[in-house]
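In what follows, a single structure is set out as structure tokens and then discussed.
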Amino acid sequence: MTDRYAVFGHPIAHSKSPLIHAAFAHQTGEAISYEAILAPLDGFAASMADFIAHGGRGANVTVPFKEEAFRLATTRTPRAALAGAVNTLIFTGSGIAGDNTDGAGLVADLTRNLGVELPGTRILLLGAGGAARGVIGPLLDAGAANIVVANRTVEKALALAALFDNRVGGTGFAEPNAPFDVVINATSASLAGDLPPISRAVFAPRTLAYDMMYGRDTPFLALARECGASTADGLGMLVEQAAEAFFVWRGVRPDTAAVIASLRA
Ligand code: NDP
């Protein structure tokens, strides 16, 4: 008997999640199916209810429904509560459990795939939207010494930083002007080919510049390279957050390296 899973988003046609989960299922021998479902912008809850009624066991949720999924969940894991958003739903007989695997996905990519030793690192996090909020707790738990959140709308950076302890601070793009160990672009600027107006001084040869966007080179990564930093895109995070969701649903941890390599190829 095949268990049914899906990713819900709008748009959704571009999603690589069905490919990733099919690879995980093949590799682990888990009998699951995984499809992409385009939920109407005003019909996320109804579309999810229909999926559950037709045997859905769990779901991933992407843009723009992660906050709605948070509200739909009847219970939430601590990391979902801290993120204020849900990207993974588990349907149990008694309700809908909400989790968030984005932060764990980023930490796994940084530490396992990119060799970053997070304990003691100083991190500059660009952006204060859902993606930024979801990764701060897991980065701190993994040992980051401090995180400077820089955002176009400074008030949002300050409000986000205030949710955490004094290891996290908020500021505008112009202020940070000394090198960081890791600079993470969690803005959606790259989607439009834009570059957040940050100082070149945040990059040093030891810096890893990480763009959560994947699939093409970005002005942010190009600038970091020019400044001598090493760079990575968000494809590893995408696969690792999927692996964490697969583990939550099935109790089996897939091997991600092969899947990342085949997506890059
Ligand atoms: P949100 O819409 O919640 O937040 C967008 C953020 O980007 C805000 O901080 C916004 O600033 C900032 N921003 C938007 N446009 C610009 C610009 N032109 N210049 C500077 N800053 C800008 O988006 P998310 O947080 O959900 O997603 C952010 C990015 O992360 C997306 O590109 C998404 O694809 C990617 N992502 C990747 C994942 C992966 O697995 N690799 C997982 C999750 C997200 P302001 O507050 O001023 O509006």
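In listed order, ligands and their atoms are each counted from 1. Numbering of residues begins at 1 and proceeds along the displayed sequence.
- Relative ring orientation between Phe65 and Phe44 is described as parallel, the plane-to-plane angle staying below 30° on a 0-90° scale split at 30° and 60°.
- In terms of polar-atom proximity, Val63 is not counted as a contact of ligand 1, lacking any N or O under 3.5 Å from an N or O of the ligand.
- Thr207 and Asp181 share no side-chain donor-acceptor pair at under 3.5 Å.
- By the 3.5 Å distance cut-off applied to N or O atoms, Gly234 is counted among the residues near ligand 1.
- When each atom of ligand 1 is checked for a heavy atom of Gly127 under 4.0 Å away, the hits are 9 (O).
- Annotation: cation-pi pair Arg253/Phe247 present, NZ/CZ under 6.0 Å from the ring centroid and within 45° of its normal.
- Protein heavy atom at the shortest distance from atom 8 (C) of ligand 1 is Asn151 OD1, 3.9 Å.
- Protein heavy atom closest to atom 4 (O) of ligand 1, with residue, atom name and distance, is Gly129 CA, 3.5 Å.
- Given atom 47 (O) of ligand 1, the protein heavy atom at minimum distance is Thr153 OG1, 2.5 Å.
- In this structure, atom 23 (O) of ligand 1 has no protein heavy-atom contact shorter than 4.0 Å.
- Residue, atom and distance of the protein heavy atom nearest to atom 19 (N) of ligand 1 are Ala189 CB, 3.6 Å.
- Aromatic ring centres of Tyr5 and Tyr34 lie farther apart than the 6.0 Å criterion allows.
- In this structure, a donor-acceptor pair under 3.5 Å is present between the side chains of Asp99 and Thr77.
- A cation-pi arrangement, defined by a distance under 6.0 Å to the six-membered ring centre and an angle within 45 degrees of its axis, is present between Arg76 and Phe70.
- Surrounding NE2 of His14 are more than 12 heavy atoms belonging to other residues, nucleotides or ligands, all under 6.0 Å away.
- Considering only non-hydrogen protein atoms, atom 48 (O) of ligand 1 sits nearest to Arg152 NH2, 2.9 Å.
- Of the polar atoms of Ala131, at least one N or O is found under 3.5 Å from an N or O of ligand 1, judged by distance alone.
- Using a 4.0 Å cut-off between charged side-chain N and carboxylate O, Asp194 and Arg152 make no salt bridge.
- Within the 4.0 Å heavy-atom shell around ligand 1 one finds Lys156.
- Within a 6.0 Å sphere centred on CZ of Arg79, heavy atoms belonging to other residues, nucleotides or ligands number more than 12.
- The option with the heavy atom closest to atom 28 (C) of ligand 1, from among Ala85, Ala132, Ala186, is Ala186.
- Note: Phe51 and Phe8 meet the aromatic proximity criterion, with ring centroids under 6.0 Å apart.
- Below 3.5 Å of separation, one finds an N or O of Asp194 facing an N or O of ligand 1.
- Backbone and side-chain nitrogen or oxygen atoms of Met212 are examined, and one is located within less than 3.5 angstrom of a nitrogen or oxygen of ligand 1.
- Here Thr187 has heavy atoms under 4.0 Å from ligand 1 in both its backbone and its side chain.
- Comparing Pro64, Ser188, Gly130 by heavy-atom distance to atom 31 (C) of ligand 1, the nearest is Ser188.
- Residue Gly105 places every heavy atom at 4.0 Å or more from ligand 1.
- Considering only non-hydrogen protein atoms, atom 43 (C) of ligand 1 sits nearest to Lys66 NZ, 3.8 Å.
- Ion pairing of Asp102 with Lys66 is present here, as a side-chain N (NZ or NE/NH1/NH2) and a carboxylate O approach within less than 4.0 Å.
- Under the 4.0 Å distance rule, the nearest protein heavy atom to atom 2 (O) of ligand 1 falls outside the cut-off.
- Counting protein heavy atoms under 4.0 angstrom from atom 34 (O) of ligand 1 gives zero.
- Annotation: atom 42 (C) of ligand 1 to nearest protein heavy atom, Met237 CE, 3.8 Å.
- The number of heavy-atom neighbours closer than 6.0 Å to CD of Glu175, taken from other residues, nucleotides and ligands shown, is above 12.
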Under the criterion side-chain contact (heavy atoms from CB on, under 4.5 Å), I'd like the reasoning laid out for Leu208 against Leu110: C-alpha separation, chi angles, the key distance, then a yes or no. CA-CA 9 Å; Leu208 172 69; Leu110 289 174; 3.7 Å; yes

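- Near Tyr214, meaning under 4.0 Å from one of its heavy atoms, ligand 1 places the atoms 41 (N).
- Residue, atom and distance of the protein heavy atom nearest to atom 20 (C) of ligand 1 are Phe173 CE1, 3.7 Å.
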